[in-house]
Number of protein chains: 2
Amino acid sequence: MITPEDKFRSYLKSRGLKFTPQRSFILKEAFFFQGHFNVDQLYEKLRKRISRATIYRTLSLLVKGGLIEETFRCQDKGSYEYIFGRKHHDHLLCIKCGKIIEFREDKIEKLQEEVCKRYGFTPIEHRLGIKGYCEECSKSLKKG
Amino acid sequence: MITPEDKFRSYLKSRGLKFTPQRSFILKEAFFFQGHFNVDQLYEKLRKRISRATIYRTLSLLVKGGLIEETFRCQDKGSYEYIFGRKHHDHLLCIKCGKIIEFREDKIEKLQEEVCKRYGFTPIEHRLGIKGYCEECSKSLKKG
DNA sequence: ATTGTAGTTGAGATTAAATTGCAATTAGGA
DNA sequence: TCCTAATTGCAATTTAATCTCAACTACAAT
Ligand SMILES: [Mn+2]
Ligand SMILES: [Mn+2]
Ligand SMILES: [Zn+2]
Ligand SMILES: [Zn+2]
C-alpha cells in the first residue's frame, strides 16, 4: 500500500531532492483539506512553522510529483486540489455562494479523446469548469 | 444588422456610461486580433494613444458587454478572446509550441447540460481546455 | 558516528499584473 | 451652449508569486 508520503519521497529522490520536515507538514496539511485550498489557507495553518516562500516552493513540487493539482483560480489566487488516490473529476462552481460540486462524466471524457484524435493532438491534462447557480441559489433567485 | 459597436454602445448606455474614442479604438483593435490576445499585445498597438489603465478598464467593460471573453491565463497574464458574432467553442492548447486549436463538439455541450440538470445546477458559462501536444509537436517528440 | 556537500529554509527584496486616487478633461443630455 | 457625472492618464499602490542569499540541514559516503 503506497502512501502519499511514499509517492512524494520517491518523486523527490528521483530528482535528488530532500524530504524535509516542512515538506512533510505541507503534504499532511494539504491532505487534511481533502478538497480545494489555496496558499493563504495553508499558510494560516502553518505560519508558526513554515514561511510563505517554502509553501509556494513545496506546492510546486507536489504538483510535479502528482500529489496535488492546480485547479481554477479563485479571486485571483491559485487554487489547488489534493488528487492522490482520487479519481479525476470536473467541477460546477456556484457564482453566488461559492459552492464547488464535483462531477464525473465518462462520456464527456471519451468525447474529449475523440476530439483530440481528430486533431492529432496528444492530451496531457484537461480542465472543465462550469460556472452558474447551484440548486439552492437557483431557487432563491427565482423567489427573490 | 447589429454591429459590435452598436452592442457596446447599447451596453454602455444602459449603464449610464460613455462611448469614448479610447473605448472605440480598443474595441476595434480587439476585433482586429480575431482570436486570442492579452493586454500587452493591445497596449503595444495603442500605446501612443491610450494608457494601460484605460485598456484594463475597457476590457472589463467589453467582457461585461458580451463582446469579449476572458479565456485561460497564459504565462500568468489574463488572456481574452473576441466573441461577438462567433459561436461558442473550446480549446486545445499545445504546451510545447503554444498553438491554440479551437473545437466545437455539440455532444459534449449536451452532456454538460445533462450533468447540470442532474445537480439542479443553472449553468451560465463554462470552459473546457485540454493541454497537450499538437500534431507537429507530438511527431517531433517521438522522433527526437 | 562523523563528515562533506548539495539542497533547503526564512526573511526580506523584487517582479509584474492589475487596481486605484486624483486632477484635468470630456461625452452627451438638458 | 452649458453642466455635470463619467473618463482619462499618470503615478502610486496593491498583491500574488518569485528570487536572493546567508545560515542551516538531510542524507549518503566514509
Ligand atoms: Mn475537485
Ligand atoms: Mn478561441
Ligand atoms: Zn450556490
Ligand atoms: Zn505544438
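Below, chains carry the letters A, B, ... as their sequence lines are ordered, and counting in each starts from 1.
For A:Tyr119, the OH atom sits in a packed shell: over 12 heavy atoms of surrounding residues, nucleotides or ligands are nearer than 6.0 Å. Counting non-hydrogen atoms of other residues, nucleotides and ligands closer than 6.0 Å to CZ of B:Arg49 gives a total of 12 or fewer.
Listed by chain and number, the residues in a ring-ring contact (aromatic ring centres under 6.0 Å, His included) with B:Phe37 are B:Phe33 (sequence neighbours excluded). A search for ring-ring contact (aromatic ring centres under 6.0 Å, His included) contacts involving B:Tyr82 returns B:Phe31, not counting sequence neighbours. The side-chain hydrogen bond (donor to acceptor under 3.5 Å, both in side chains) search around A:Glu136 returns A:Lys99, not counting sequence neighbours. For A:Thr122, the side-chain contact (heavy atoms from CB on, under 4.5 Å) test picks out B:Tyr133, B:Ser138, with sequence neighbours left out.
Put simply, CZ on A:Arg23 is 12 Å from C1' on D:dT25, counting in whole angstrom units. If you measure from atom CZ of B:Phe25 to atom P of D:dT8, you get 12 Å, rounded to the nearest angstrom. Rounded to whole Å, atom P of C:dA16 lies 11 Å from atom CG of B:Asp76.
Contact between the side-chain N/O atoms of B:Gln22 and the OP1/OP2 oxygens of C:dT26 is not found at any separation under 4.0 Å.
End-to-end axis angle of the helix from C:dA1-D:dT30 to C:dA30-D:dT1, from C1' rotation axes over five pairs per end: 40° (rounded to 10 degrees).
Both B:Pro21 and B:Glu70 lie near DNA chain C, and the one whose nearest nucleotide falls closer to the 5' end is B:Glu70.
Between A:Asp40 and A:Lys45 no salt bridge is recorded (no basic side-chain N to carboxylate O distance below 4.0 Å).
Hydrophobic cluster of A:Phe72: the remaining members, joined at side-chain heavy-atom separations below 4.5 Å, are A:Leu93, A:Ile100, listed by chain and number.
The stretch residues 37-52 of chain B touches DNA chain D through B:Arg49, B:Ile50, B:Ser51, each having a heavy atom within less than 4.0 Å of the strand. Contacts with DNA chain D (heavy atom under 4.0 Å) in residues 7-20 of chain B: B:Gly16, B:Leu17, B:Lys18, B:Thr20, listed by number. Taken residue by residue, residues 56-69 of chain A places heavy atoms nearer than 4.0 Å to DNA chain C at A:Arg57.
Side-chain contact, A:Gln41 with A:His36: no donor N or O sits under 3.5 Å from an acceptor N or O.
When all heavy atoms of B:Pro123 and A:Ile130 are compared, the pair lying nearest together is CB-CG2, 3.8 Å.
Sorted by first and then second residue, the pairs that involve residues 108-127 of chain B and meet salt bridge (charged side-chain N to carboxylate O under 4.0 Å, His left out), not counting sequence neighbours, are A:Glu105-B:Arg118. For residues 4-17 of chain A, every residue pair satisfying the side-chain hydrogen bond (donor to acceptor under 3.5 Å, both in side chains) rule, not counting sequence neighbours, is listed here: A:Thr3-A:Asp6, A:Glu5-A:Arg9.
Listed candidates were D:dT7, D:dA16, C:dT9. Nearest to the side chain of A:Arg73 is D:dA16.
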Identify every side-chain donor-acceptor pair in residues 60-69 of chain B under 3.5 Å, counting partners at least two apart or on other chains, and give the distances.
| residue | atom | partner | partner atom | Å |
| --- | --- | --- | --- | --- |
| B:Ser60 | OG | B:Lys64 | NZ | 3.4 |

